[in-house]
Amino acid sequence: NYEKDLYNGVLLNFKFKAKTPFRGFFGDDKELGMRYMVMERLGCDLTDFCTTVVGTPSHQDVAVIGLQMLEGMELLHSKGFLFVDAKPQNFMLGNSDPKDLRFVDFGCAERWMSFNGVGARPQTKRALVGPAEFASLSCQGGNLPGRKDDIESMCLVLLSLMSGGKLPWNVAKSEAQVKSMMEEADISSLSADAGLPEIGQILSQCRVTEVDETPDYGAFRQLLTQMRGRKVLAGPEKKAGATGDRGRSKRRPASAVEGGGEMDVATSPSKRAARGKAGLKAAVMPSSVNSDSSPTRRTSRRETVLMEDS
């Protein structure tokens, strides 16, 4: 009933949700002993998109998907709620079109705003909700999620699209090992290797944003827009065997970008954190672009079976 209430309330005018019938889209099947929800038939989720539909997507496709994700997150946040469970399987495409993104499965969505509508809720410690592989470092430390954690998870999903929906810490054997590997990873280099330095900039900024601070959606949007308009890879060279936007082989980190600007690839978390907001503002200037399967545990308030309408 929780997700049904969200669809009838907070999500009523949410443009990125799957369409549902006007009446009777949710119910209980006593014989099967489960609840169900009826929604429109969609194409593929993002894992299938980057493995069977297009292979390795272009950076333009990733930017188009990212812009829709960011808009959806901002809309949801404006209603006082967080998505929480960002992972490739929870985003689907209508007719497998990257320009038609839908958020699915709101079973872990929760309020970020206090119930009196003034400021963020008080922080308390709790167990991780959702897959560790795509959770923010703050949430892996046992903190309640905030808006910036939704954006950080969004960035991890976008980075994973360049490697079949997986991240380097997918090989970890425990949540503690996932956290350790994420802390040791150089996000700037990882995103540059993937040809997505702008995603590294956004993710790094999220990590130095306070949990009760409003994310800089406008600056993030500008970075993704620049990424969508970029005609070449982030670096001056392509590895031998790279074939263009689709089906590209792995790219080396870049030292310069289109327009003669230098890519800022910090080698330590302290250097990346020191840049703070000043680095982000510089990154969205038109003249240059500066950049900075694991164990999962899912807690949901109900079991949902999505039934396709024929």
Can a salt bridge be assigned to the pair [X] and [Y] using a cut-off of 4.0 Å between side-chain N and carboxylate O?
X    : Y    : answer
R207 : E152 : yes
E183 : K179 : yes
E71  : R221 : no

With K17, which of L12, V104, L11 fulfils side-chain contact (heavy atoms from CB on, under 4.5 Å)?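 Single side-chain contact (heavy atoms from CB on, under 4.5 Å) partner of K17 among L12, V104, L11: L11.
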Quick check for you: to the nearest 0.5 Å, what is the distance between [X] atom [atom1] and [Y] atom [atom2]?
X    : Y    : atom1 : atom2 : result
L224 : C155 : CG    : SG    : 7.5 Å
D105 : K87  : CG    : NZ    : 7.0 Å
I202 : I187 : CD1   : CD1   : 13.0 Å
R102 : M39  : CZ    : CE    : 10.0 Å
L223 : R228 : CG    : CZ    : 13.0 Å

Taking the side chain as every heavy atom from C-beta outward, state whether L159 and M162 have any atom pair closer than 4.5 Å.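 No. Closest side-chain heavy atoms not under 4.5 Å.
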Determine whether the aromatic ring centres of F106 and F83 lie less than 6.0 Å apart.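 Yes.
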Centroid-centroid distance, F14 to F103, less than 6.0 Å: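 Ring centroids of F14 and F103 are less than 6.0 Å from each other.
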Does a sphere of radius 6.0 Å around CG in N13 hold more than 12 heavy atoms from other residues, nucleotides or ligands, not counting ones at 6.0 Å or beyond?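 No - once you tally the heavy atoms of other residues, nucleotides and ligands closer than 6.0 Å, there are 12 at most.
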Check: V157 main-chain N/O paired with S160 side-chain donor or acceptor under 3.5 Å: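 Yes, the answer is positive, given that a donor and an acceptor are paired below the 3.5 Å cut-off.
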Out of curiosity, does L156 fall in the hydrophobic cluster containing M154 (side-chain heavy atoms, cut-off under 4.5 Å, transitive links)?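 Hydrophobic grouping puts M154 with L156.
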In a check of side-chain hydrogen bond (donor to acceptor under 3.5 Å, both in side chains) between T214 and each of H77, K148, R147, E74, which one passes?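 The passing option is R147.
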